[in-house]
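Below is one structure, written out as structure tokens; the observations come after it.
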Amino acid sequence: MISAYAALISTIIHFSMLYRYHAEKERIALHNKAMNETMNENILELNGIVKTFGSSTALSGVNFNLRRGEVHALMGENGAGKSTFIKIITGVFHPDSGTIRYNGKIISPQNTTESLNMGIAAIYQHATSFPDLSVTENIFMRQEHFTKLGNYDYRKMHELARKYIEPFSSDIDVRKPMSSLSVAQQQLVEIVKALSRNARVLILDEPTASLTTHECERLYEIVDRLRKDGVSMIFITHRFEDMYRLADRITVLRDSRYIGTWDVNGIQTEDLIQAMVGRKLDQLYPVKTGKIGDEVLRVDHLSKEGYFRDISFSVRKGEVFTLTGLVGAGRTEVCQTIFGIMRPDSGKIYLDGKEIRIKSPTDALKAGIGLLPEDRLTQGFAAQLPIYKNVTAATLGKFTHRGIISEKEEIERSIDLCTRLRLKAHDISALPLSLSGGNQQKVVFAKMLNCDLKVLILDEPTKGIDVGAKTSVYEIINELAGKGYAIIMVSSEMPEVLGVSDRIAVMRSGRISEVFDIKDATQEKILAASLIEKEKNAI
């Protein structure tokens, strides 16, 4: 009897344990399912967003979703609607129709402060910080800590600022003003500022446009770290290398409309370009039709201590001669020396076979040498002057009669040049900053063409512009070469180097490592020449 009772008890315990096991197993499965659903759900959704400004449509029925812990690239030509898209999310603009959901709830931020308090922050290409205030003061702007006496508690804020920045960088002194930091460091401070306010969605607007290759790699590491921490990011870029390096998915906008969303490995580059520009770019780089003529410019053993040494090359009429290599190799400094911004320690420059002495950019322009600088925003044009004034700025003598500048002639000449360059602007009196990056670059081209030049130096001519605008710039370069200009181009983009050049000089550590004719050049050869030091200067 006891034995039977014990067996019954044992059976009950066994089934009880079995039930508990299955119940716990089911609970864990349900928990995991819920976690997976949570991790896969969208943190941000935009549906049917429409935004108009008068008769102009900035966004037309745009859809977009961002997953938790995702880096989602947003791509499109300048004017596609990307800037308006950012401002809709951050509350600068309010949509005419459509909905925005954040964490599943419909939101309607009224300004950037409200969107930041919700957990959404935008980091722009050009820092929006206060340059004369310290890093700490920028991070704690409008969220300052105070002592019991009501004074700023700088000790506590400095300590917290260091704590926030330390996981990303050990090189930033939080007590120093923002103006003392590099562009990359200022962007990092802006990111840290957003994270200090518990932002879970970061919108990074062209963050690599002004960075060196090394700084880009550092930013990539920071983005990877943020992704692992569960931060979701919208990464707006024109650079395909950014997209392939970071993005999980890509969304394309074109002409204010939503075109599509793809996994980063689910679309070919050619198809992505076609989605962005609305046409198939069978020939991204135009076919060369011009003939290369006699030597126009010759640089003979040019040196500048600390920058470059023993540089020799020549450029012929109708030729595109490209200087490439790693950032810091001295390419820009060579161009600035030819243009008179820097003075060489030794060496000679010849134009049409005659030695010329260039002591300033004015001398260079008079001789027939023009420069399109790498940074068009600070060096290429005067932002406060209208387009036509920028075009004529270097040649006002042409439009001056008895001491009076003829504005009518300035405008007529500017319209002629801008029309030839297919510049898109509502009004020739508009400010350059109202234009897209590609059209800003055309303003600088127009200014150069208004001078009587023989040699054009183009320092990173497609930096920071979209793929459609790049094609337009390549066509301009091809047309100018066809008209007989001798062109020196500096470029870091390998497809561009191989697609536009006639000859390529690779610089390494301030010297020319090797020179290739385009028919002999390959990406592998150029990379090897930029990394492996040669004993003698190649001419």
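Predicted model only: the values in this text are computed from it and were never measured.
- In terms of heavy-atom proximity, Val264 sits nearest to Ile250 at CA-CD1, 3.7 Å.
- One finds a salt bridge joining Asp248 and Arg227 here, because a Lys/Arg side-chain nitrogen approaches an Asp/Glu carboxylate oxygen to under 4.0 Å.
- Contact annotation: the side chain of Phe445 approaches that of Val473 to within less than 4.5 Å [non-hydrogen atoms, C-beta and beyond].
- Taking the centre of each ring, Phe93 and Phe53 come in below the 6.0 Å mark.
- Under a 3.5 Å cut-off, the side chain of Asn138 and the backbone N or O of Phe130 do form a donor-acceptor pair.
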**OP:** Take Val189 and Ser129 through the test side chain to side chain contact (heavy atoms under 4.5 Å, CB included) and record every step on the way to the result.
**Re:** CA-CA 9 Å; Val189 172; Ser129 55; over 6 Å; no

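- The backbone N or O of Ser492 sits nowhere less than 3.5 Å from a side-chain atom of Thr324 that would complete a donor-acceptor pair.
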Original post:
Going through the distances and angles, do Met507 and Val334 end up as a side chain to side chain contact (heavy atoms under 4.5 Å, CB included)?
Top reply: CA-CA 10 Å; Met507 289 193 65; Val334 168; 4.0 Å; yes

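- The number of heavy-atom neighbours closer than 6.0 Å to OH of Tyr152, taken from other residues, nucleotides and ligands shown, is 12 or below.
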Subject >> Test salt bridge (Lys or Arg N to Asp or Glu O under 4.0 Å) applied to Glu460 and Arg331, step by step >> reply: CA-CA 10 Å; Glu460 299 286 3; Arg331 305 165 305 169; 3.8 Å; yes

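- Under the 4.5 Å side-chain criterion, counting only non-hydrogen atoms from C-beta, Thr337 is in contact with Phe308.
- Other residues, nucleotides and ligands contribute more than 12 heavy atoms inside 6.0 Å of the CD atom of Glu114.
- In summary, the side chains of Gln143 and Ser196 do present a donor paired with an acceptor at a separation below 3.5 Å, with no hydrogens or angles considered.
- Of the inter-residue distances, the one linking Met342 atom CE with Tyr307 atom OH reads 4.5 Å to the nearest 0.5 angstrom.
- Counted by atom type alone, Ser472 and Lys442 present one or more donor-acceptor pairs between their side chains at under 3.5 Å.
- Taking OG of Ser83 as the reference point, atom CD1 of Ile236 lies at 7.0 Å (rounded to 0.5 Å).
- Atom-to-atom distance recorded for Gln268:CD and Ile273:CD1 is 11.0 Å, nearest 0.5 angstrom.
- Side-chain contact between Leu246 and Thr237 is absent, with no heavy-atom pair separated by less than 4.5 Å.
- The side-chain contact (heavy atoms from CB on, under 4.5 Å) test with Glu190 singles out one residue from Leu195, Leu202, Ile123, Ile139, and that residue is Ile123.
- Side-chain contact between Arg200 and Asn103: absent, with no pair of heavy atoms (C-beta onward) separated by less than 4.5 Å.
- At a threshold of 4.5 Å between non-hydrogen side-chain atoms, the residues Val174 and Ser134 do not count as touching.
- Annotation for Asp255: atom CG does not count as buried by contact number, only 12 or fewer foreign heavy atoms lying within 6.0 Å.
- Put simply, the side chain of Lys156 does not reach to within 4.5 Å of the side chain of Thr136, judged on heavy atoms.
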**OP:** Show the numbers, then the answer: is there a side chain to side chain contact (heavy atoms under 4.5 Å, CB included) between Phe240 and Leu272?
**Re:** CA-CA 10 Å; Phe240 281 69; Leu272 182 58; 3.7 Å; yes

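- For the atom pair CZ (Arg511) and CD1 (Ile311), the distance works out to 7.5 Å, reported to the nearest 0.5 Å.
- In this structure, a donor-acceptor pair under 3.5 Å is present between the side chains of Thr261 and Thr251.
- Using modelled atom types, one finds a donor on one side chain and an acceptor on the other under 3.5 Å when comparing Thr462 with Glu496.
- When atom types are taken as modelled, the side chain of Asn63 and the backbone of Gly48 share a donor-acceptor pair closer than 3.5 angstrom.
- In this structure, His145 and Leu160 have side chains that are in contact, with non-hydrogen atoms separated by less than 4.5 Å.
- Not a single donor-acceptor pair under 3.5 Å links the side chain of Arg249 to the backbone N or O of Glu70.
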Original post:
Under the side-chain hydrogen bond (donor to acceptor under 3.5 Å, both in side chains) criterion, do Tyr388 and Glu407 qualify, and how do the steps go?
Top reply: CA-CA 9 Å; Tyr388 75 90; Glu407 193 170 53; 2.3 Å; yes

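- Remark: side-chain polar atoms of Thr147 are not paired, donor with acceptor, to backbone N or O of Asp153 under 3.5 angstrom.
- Separating the CD atom in Glu144 from the OH atom in Tyr154 is a distance of 8.0 Å, to the nearest 0.5 Å.
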Subject >> Residue pair Leu66, Phe64: steps toward the side chain to side chain contact (heavy atoms under 4.5 Å, CB included) verdict >> reply: CA-CA 7 Å; Leu66 177 67; Phe64 179 85; 3.9 Å; yes

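- No hydrogens or angles considered: a donor-acceptor pair under 3.5 Å links the side chains of Tyr244 and Thr269.
- With Gln441 contributing its side chain and Pro461 its backbone, the two residues share a donor-acceptor pair below 3.5 Å.
- Salt bridge status for Arg239 with Asp242: present, with a side-chain N to carboxylate O gap under 4.0 Å.
- Side chain of Asn111 to backbone of Thr113: a donor-acceptor contact under 3.5 angstrom is found.
- With contacts defined as side-chain heavy-atom distances shorter than 4.5 Å, the pair Cys418/Val391 qualifies.
- Interatomic distance, Met75 CE to Ile259 CD1, rounded to the nearest 0.5 Å: 14.0 Å.
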